[in-house]
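Each remark here refers to the structure printed beneath this line.
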Amino acid sequence: MRIKMSAVATATAMVLGAFSTAASADLLITEYIEGGGFNKAIELYNSGDSAQSLSGYKLVRYKDGATTTTDMVAFTDQEIPAKGILVVRHTDAVLNLDASVTEMIGGLQQNGTDAVALLNGDTVVDIVGAVPTPKDWGKDVTLRRSDTTSSMVAKDTFDESDWTSHPKDTVDGFGCIGENACSFVAEPGVLLITEYIEGSANNKAIEISNVGGSAIDLDANVYQLAKHSNGAVDAGDAEILSGTLEPGKSIVFHNSGAADEFKVGTESKVTWFNGDDAMVLTKDGAVIDSIGKVGERINWKDGDFSTVDATLRRKDSVKVGDTDTSDTYPGTSKDQWLVLPKDTSDGLNCAGESACDGSVTPPEPPKPETGPCTGCETLTPVADPATFNGEIYYSDVLSGEFANAEELKNALSVIIAKDHKQLTYKQVWSTLTYADQDPSDDKKVIEIYTGASISKYDNQTGGSGVGKWNREHVWAKSHGFPSESQWGYTDAHHLRPSDPGINTARSNNDFGACKDTGEEVMFNGVATGNYLNKTTDCWEPRDEVKGDVARMIMYMDTRYQGTDTATTNMPDLVAVDRLTTTDEDSAPLIGTLCTLYAWNQLDAVDAYEQNRNNQVYKYQGNRNPFIDRPELVKEVYGAVCGDDPNPALEVEGDILAPESVTEGAAYTLDASAIKAGEGVTLTYKWEQIIGEEKTLVGDMATLSLTAPMVKADETLNFTLTISDGTLETTKAVSLSVINVPLALNVEFAGTTKVIEGEKASITATVTDAPEGTTYSWKQVSGTTAVYTAAGLTLDVTAPSVNIDQVLVFELMATVGEESFVKSVSIEVTNTEEPGWTKPDGAGSLGGFITLLLPLMWLRRRQG
């Protein structure tokens, strides 16, 4: 149903105005949520092909049907990348978001009677809700913009048909465009203080829970619960949290002197609080939740809320902690808690407002897990290799048509960038223990250049690298991505375990064929099969991994095309067919492409490399296409390395064709001068291109045609496919067809002078009219006359006229869609009434009579 605006609303819309030249039509609102509690959010989408600055933009609301605005969010220096999303939400809203969201901005508040608009200056760019608004039009609802083409357009008036409605608190559509839920499923883990007990004597306990949708690796960051005693600014007693905390699970600390029912979890001095001690939960030093105000020593009370002699239990709706430890407390924070009677203990060790089920034995606090290598963390998989389907993953390439190798490469880049999860450099350690595991010993990894099997726990975390392994950037990181924040720096598809000494020897040298000119690299006194030419800065790896190296370099060259720099902070990496120079050490270049291409053919993909691809996919979310589908190497790089997958016939000579031809004239396209070598017989296929269609027009070397008749100058396009029976090549030719305006020799004969009321007949003679010419007549000036026309003959009855005048008629000759016009005039003479003569004029009276004569004559004529 389309909403019909009232007259007031229409007038208001006119005041709001249309789009200004400063407003971007690419920005639009794609999702609106007005849910329970703090669940208020707006999703903005940049549908354009370039980043959009939000400087000058703001979100406003028309509160309760008002025609004046109330600012909600004024943007400053935010920017939404091409096809990017920004979510504006209430600070405490609970949303399910993925990595496609540019950022989240807090501070939003609206109710179901408020229209919300995106403004650029004072110009409405897009709006949800009509102004004035029908009562409760958008209350307790989630609206998503339909993914039809007509709906995905910013509009300055609200069209209900553009939106689909979803139940209250439906939040699984934020972070992706369209009316359906996003493909990601798990909310992130959220760590909060969920219970606080300050009871009789030593009955003190505090509970921390994961109220989010996925597990939290507490060892991946420094999570700390600290007590700020008696108004202290600095933390006192503290606990570092460790292990993995699953969704809905809790960690409890209790006072050693508490009654038995409070002794859940672990005893800790952090519970030696008395209601005037601030409790602060941090992540890597940043506050993620708190109770009380740091630097203030009082028992915080407000109504029923109290931090002394009470049990506080966090409400289920709360998903964001109190992160401001210096604001007035409790303020609005008191609304996040249920206040239960003193010494209530039945909610410890389970998140939520209800008491725990007493029949269930509380689990032991999570214990730290042993990582896969020294100082490493156990990773959570992001993809399942067991369910991977290459036909689906690469479907856009397998079913696509590409004009050249670069288009194919760009399509592959899009595929392998889609689900890529950026790893931290610490997580790379763990990933390599899975990806490069020794097939014969799951406690070891294989070093790339030495082939040695070494304990996973001998990773170099500091000090001497002797007897250790470290992380080798196969595409040297100095060649384009020296910063750890850049995605290529931690991309595990090109990172391999390596002996630190050999890694140092390789340095940032290019790959090339330097076995004959370089020196073999030694490892523990044994030759490794790797060669280094220090003069040319060339590194040739051992034969067993040459194909691996080639496919890793090709992956990096394809993955980082410079198209998602805003996300990856990566330049366009380019594999060049030469060794780079010293001056290019920091450039995003590496060599030598066609040597790598040859290595790819020499060392084919094996089971080890396939498993490695699966393991990186498991933890990083994307794949190396040149391992999954080795034939793509030739498709992408074959032509540039002299192994074109689609070789063309080599010919000499050109097509002889006129640059232009007059419409209706004959012309010739002559390809007989084109040769493909002595004695080679060629066949020809001429096709004319009209729009996107091709029509076969000839199969001989010479094509004879007649130019079509055209209304205006027009270009004709032809392609000629030349074949020797095995290979073929295509040439294109274009020429202009010149329009010649229609011109005819027309003569008129007949009566051209008549007295009013008489008949006149005109006959036209056209001596050079083409066959099929048609004729029509029309009067173009003078008093309207009655006339009939048939072909070249015109019969006219002269109208009555007050004075002599000329009637003008046009003869139009039409040939096809062109016409030629020529006019003929007929003079009509006025006749005076019988008995009337012009009086003589004399003196002033005669002059006066002379002045009256025209009026008298007109009245006589009218009589």
Side-chain angles (χ1 to χ4, degrees), residues 91-92 106 190-209 211 222-241 250-259 261-315 318 320-345 347-348 351 353:
T91 303
D92 296 325
V190 177
L191 196 67
L192 295 179
I193 301 171
T194 49
E195 195 146 357
Y196 169 94
I197 299 176
E198 203 291 320
S200 302
N202 293 321
N203 290 345
K204 325 281 187 181
I206 192 164
E207 176 189 83
I208 300 166
S209 302
V211 299
V222 178
Y223 290 89
Q224 175 180 276
L225 176 66
K227 175 165 60 74
H228 293 251
S229 299
N230 303 324
V233 174
D234 296 326
D237 296 317
E239 291 285 349
I240 302 296
L241 310 184
S250 305
I251 298 173
V252 178
F253 298 104
H254 65 263
N255 191 295
S256 59
E261 60 265 32
F262 295 89
K263 289 185 176 180
V264 179
T266 305
E267 69 177 52
S268 172
K269 288 185 177 181
V270 79
T271 61
W272 290 11
F273 48 70
N274 294 297
D276 59 355
D277 308 309
M279 306 299 297
V280 180
L281 180 64
T282 58
K283 174 184 177 182
D284 294 336
V287 178
I288 58 176
D289 201 7
S290 64
I291 295 175
K293 179 179 178 180
V294 171
E296 181 178 79
R297 184 184 182 184
I298 61 173
N299 292 326
W300 294 283
K301 296 183 178 182
D302 188 349
D304 293 335
F305 180 89
S306 176
T307 58
V308 65
D309 295 333
T311 290
L312 303 179
R313 193 174 292 167
R314 210 67 169 263
K315 293 179 180 179
V318 178
V320 178
D322 183 357
T323 59
D324 190 346
T325 61
S326 61
D327 62 340
T328 300
Y329 194 82
T332 58
S333 297
K334 71 179 188 298
D335 299 328
Q336 299 184 4
W337 297 90
L338 293 178
V339 182
L340 303 175
K342 179 180 178 180
D343 289 333
T344 300
S345 62
L348 286 174
E353 300 174 5

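This one's a predicted model, so the numbers in the text were calculated from it and none came from an experiment. The residues of the chain are indexed from 1 along the displayed sequence.
- For the side chain to side chain contact (heavy atoms under 4.5 Å, CB included) criterion with Ser209, the lone passing option out of Val252, Leu192, Thr194 is Thr194.
- Thr325 contributes atom OG1, which lies 8.0 Å from atom CG of Asp327 (distance to the nearest 0.5 angstrom).
- With values rounded to the nearest 0.5 angstrom, Ser256 atom OG is found 7.0 Å from Lys263 atom NZ.
- For the atom pair CG (Asn255) and CG (Asn203), the distance works out to 8.5 Å, reported to the nearest 0.5 Å.
- Between the side chain of Glu267 and the backbone N or O of His254, no donor-acceptor pair lies under 3.5 Å.
- With respect to Arg314 and Asp289, a salt bridge is recorded, a charged nitrogen being found less than 4.0 Å from a carboxylate O.
- Side-chain contact between Lys315 and Gln336 is absent, with no heavy atoms from C-beta onward closer than 4.5 Å.
- Distance alone, capped at 3.5 Å, places no donor-acceptor pair between the Asn274 side chain and the Asp276 backbone.
- Taking the side chain as every heavy atom from C-beta outward, Ile291 and Trp337 approach each other to under 4.5 Å.
- In this structure, the side chains of Phe305 and Asp335 stay at 4.5 Å or more apart for every pair of heavy atoms.
- How far CD1 of Ile288 is from OG1 of Thr323: 10.0 Å, rounded to the nearest 0.5 Å.
- Taking the side chain as every heavy atom from C-beta outward, Ile193 and Leu312 never approach each other to under 4.5 Å.
- Under a cut-off of 6.0 angstrom, the local environment of CG in Asp284 is crowded, with over 12 non-hydrogen atoms contributed by other residues, nucleotides or ligands.
- For NZ of Lys334, the number of neighbouring non-hydrogen atoms (other residues, nucleotides, ligands) closer than 6.0 Å is greater than 12.
- The pair Arg313-Glu195 meets the salt-bridge criterion, with a side-chain N (NZ, NE, NH1 or NH2) lying under 4.0 Å from an Asp/Glu carboxylate O.
- For Asp343 and Ser345, the side-chain atoms include no donor-acceptor pair closer than 3.5 Å.
- In this structure, Lys227 does not pair ionically with Asp277, as no charged nitrogen and carboxylate oxygen lie closer than 4.0 Å.
- Using a 4.5 Å heavy-atom threshold, the side chains of Glu207 and Ile197 count as separate.
- For Ala310 against Val339, the heavy-atom pair with the smallest separation is CB-CG1, 4.5 Å.
- When every heavy atom of Pro330 is checked against every heavy atom of Lys301, the shortest pair comes out as CD-O, 4.2 Å.
- Taking CG from Leu348 and CD1 from Ile206, the interatomic distance works out to 10.5 Å, rounded to the nearest 0.5 Å.
- Panel note: side chain Thr307, backbone Trp300; a donor-acceptor pair is recorded below 3.5 Å.
- Rounding to the nearest 0.5 angstrom, the gap separating the CD1 atom in Ile251 from the CG atom in Leu225 is 9.5 Å.
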